[in-house]
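Read the structure below first, then the notes.
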Amino acid sequence: MTTFLLEKEFKQWAIDIAKLQENTTSNYRSWMRNQVLPYFESAGILGVWDNLPTAFDDCLTSGLQHLSVLDFFVNNNDVLDRNNISSFRSYCKFLKYYFNDEEKEEIEKVESPCSPLLQRMKTENDENFKALVKRFKARLSSQDRVSGDLYFPVRLLAKILRNGSSETKAYWAEWRYLYLDELKLYTSKSEEIGLMDISTIGIFDNRCYIDRENGEKKVELYTKTKDGELRSFNISDESELTLEHTVTMKSLLKKYADNLPTLKKITEICKRYPTAKLGYEIAQEVWENAKQELTPLASGVQAEMEFLRKQTRLELMEASENRNR
């Protein structure tokens, strides 16, 4: 098997959302491709995987039950076999994320969106553009930050907003779009444009190009370097495009700590669970144990997230330059 369903998207999810190391992600993909799915194929149940997403629930049920009923590598102490199980379970988490309609339902609840990008996405037909926006939104949804003693656990903040009033629910659905409305894309040293100015995006000969809404075709985009200069992108695909805050969240949290009483309260609650790491663990463990304390904080969370958003902007960069900052 040379590839498997949504392998490219699985790689991006594993790095950006699940926060797995690149070598772990590479191993998971290899085990899925060369061990797990061929095993299903030899057992005669691979066919259901070909029908996603229409058979999504059946696929997961069949696969997970197969792991349990046939003791798929479970009773074998060999390390590689246990890794196969880990890779499969990670892939199942990814599929649940990828085919989740919760995001679509949230967007529909925003009756009169302030974000031009959100308005556009309700009727957008270009699949490359929609995929790019989804990827960028996913990154914003997973960027937990810490500055000194102050946490910005965005996954947990999302849970709080989703369980608040209709206003806070709508704000979470729109928050990432409001950020992306002001994303800076550089077409030259003297011009920057936004997502609303482009109709599609693609990579050709390792450079990044867009078609513009005004009809211009194959306009090259440039990345900022760690020194603040502009150069051509040198990437193989869109997964190497990343977002960078013009003023980092870490510095904003430090500068405005006294203006963020709700985040301070949430930080205090999170510190009761010192073994939970920022990300999925803190969002899950803290929410399950302190949801009654956290839910009333939704309006404060909204106000402070909006305050921080207005202090910075995003710019499109090559991932290698972002890492070098």
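Remember, it's a predicted structure, so these values are computed and weren't measured experimentally. In this chain, residues are counted from 1 in sequence order.
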Show the numbers, then the answer: is there a side chain to side chain contact (heavy atoms under 4.5 Å, CB included) between Tyr171 and Leu178?
CA-CA 10 Å; Tyr171 179 74; Leu178 292 170; 4.3 Å; yes
Let me see the working for Lys264 and Asp258 under side chain to side chain contact (heavy atoms under 4.5 Å, CB included), right down to the final yes or no.
CA-CA 9 Å; Lys264 283 187 176 180; Asp258 292 339; 3.5 Å; yes
Give the C-alpha distance, both sets of side-chain angles, the deciding distance and a yes or no for side-chain hydrogen bond (donor to acceptor under 3.5 Å, both in side chains) between Glu315 and Tyr186.
CA-CA 8 Å; Glu315 55 189 1; Tyr186 299 103; 2.7 Å; yes
Assess the residue pair Leu221 and Thr187 against the criterion (side chain to side chain contact (heavy atoms under 4.5 Å, CB included)); give the C-alpha distance rounded to whole Å, side-chain angles, the decisive distance to 0.1 Å, and a yes or no.
CA-CA 5 Å; Leu221 291 183; Thr187 56; 3.7 Å; yes
If you apply the rule side chain to side chain contact (heavy atoms under 4.5 Å, CB included), what do you find for Phe233 with Leu316, and how did you get there?
CA-CA 10 Å; Phe233 282 89; Leu316 188 68; 4.2 Å; yes
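In this structure, Asp211 contributes its side chain and Thr200 its backbone to no donor-acceptor pair below 3.5 Å. In this structure a side-chain-to-backbone donor-acceptor pair under 3.5 Å is present from Asn214 to Glu216. Of the possible polar contacts, none joining the Glu244 side chain to the Met317 backbone as a donor-acceptor pair under 3.5 Å is found. With hydrogens and angles ignored, the 3.5 Å screen pairs no side-chain donor or acceptor of Thr267 with any backbone N or O of Leu150. Here the side chain of Glu318 pairs a donor or acceptor atom with the backbone of Asn234 at under 3.5 angstrom. The backbone N or O of Phe307 lies less than 3.5 Å from a partner atom in the side chain of Gln311, making a donor-acceptor pair. Under a 3.5 Å cut-off, the side chain of Thr312 and the backbone N or O of Val247 do form a donor-acceptor pair. A donor-acceptor pair is defined here as one N or O able to donate and one able to accept, closer than 3.5 Å; no such pair exists between the side chain of Glu220 and the backbone of Ser232.
Remark: the Ser165 side chain and the Glu167 side chain contain no N/O donor-acceptor pair separated by less than 3.5 Å.
Transitive grouping of hydrophobic side chains (ILVMFWY, heavy atoms separated by less than 4.5 Å) keeps Ile15 and Ile235 in distinct clusters. Side-chain heavy atoms closer than 4.5 Å link hydrophobic residues (I, L, V, M, F, W, Y) into clusters, and following such links, possibly through other members, connects Val133 to Leu241. Note on Phe136 and Ile203: same hydrophobic cluster, where clusters join Ile, Leu, Val, Met, Phe, Trp and Tyr whose side-chain heavy atoms are under 4.5 Å apart, directly or indirectly.
At least one side-chain heavy atom of Phe152 sits under 4.5 Å from a side-chain heavy atom of Leu308. Residues Met121 and Lys137 form no side-chain contact, since every pair of their non-hydrogen atoms from C-beta on lies 4.5 Å or further apart. Annotation: side chain of Trp175 is not in contact with side chain of Leu157 (no heavy-atom distance under 4.5 Å). Annotation: side chain of Cys208 is in contact with side chain of Ile201 (closest heavy-atom distance under 4.5 Å).
Two rings, from Tyr91 and Phe10, have their centers less than 6.0 Å apart.
A distance of 11.5 Å separates CG in Leu117 from CZ in Arg176, rounded to the nearest 0.5 Å. Between Arg145 atom CZ and Leu253 atom CG the span is 9.5 Å, to the nearest 0.5 Å. For the atom pair CG of Leu230 and OG of Ser190, the computed distance is 10.0 Å after rounding to the nearest 0.5 Å. Taking CD1 from Ile160 and CG from Leu297, the interatomic distance works out to 6.0 Å, rounded to the nearest 0.5 Å. Considering OG1 of Thr262 and CE of Met305, their distance stands at 12.0 Å, rounded to 0.5 Å. Separating the OH atom in Tyr273 from the CD atom in Glu285 is a distance of 7.0 Å, to the nearest 0.5 Å.
Counting only residues at least two apart or on different chains, the side chain to side chain donor-acceptor pair (under 3.5 Å) pairs with a member in residues 288-298 are Arg272-Glu293. Applying the salt bridge (Lys or Arg N to Asp or Glu O under 4.0 Å) test to pairs two or more places apart or on separate chains, those with a residue in residues 190-199 are Glu191-Arg212, Glu192-Arg313.
Taking 4.0 Å as the cut-off between side-chain N and carboxylate O, Arg309 and Glu306 count as a salt-bridged pair.
For the side chain to side chain contact (heavy atoms under 4.5 Å, CB included) with Leu314, the qualifying choice from Leu180, Leu185, Leu195 is Leu180, the only one to do so.
The number of heavy-atom neighbours closer than 6.0 Å to NZ of Lys271, taken from other residues, nucleotides and ligands shown, is above 12. Counting non-hydrogen atoms of neighbouring residues, nucleotides and ligands closer than 6.0 angstrom, the NZ atom of Lys184 exceeds 12 such neighbours.
Ring-plane geometry between Tyr179 and His245 is classed as perpendicular, the angle between the planes exceeding 60 degrees on a 0 to 90 degree scale with a lower cut at 30.
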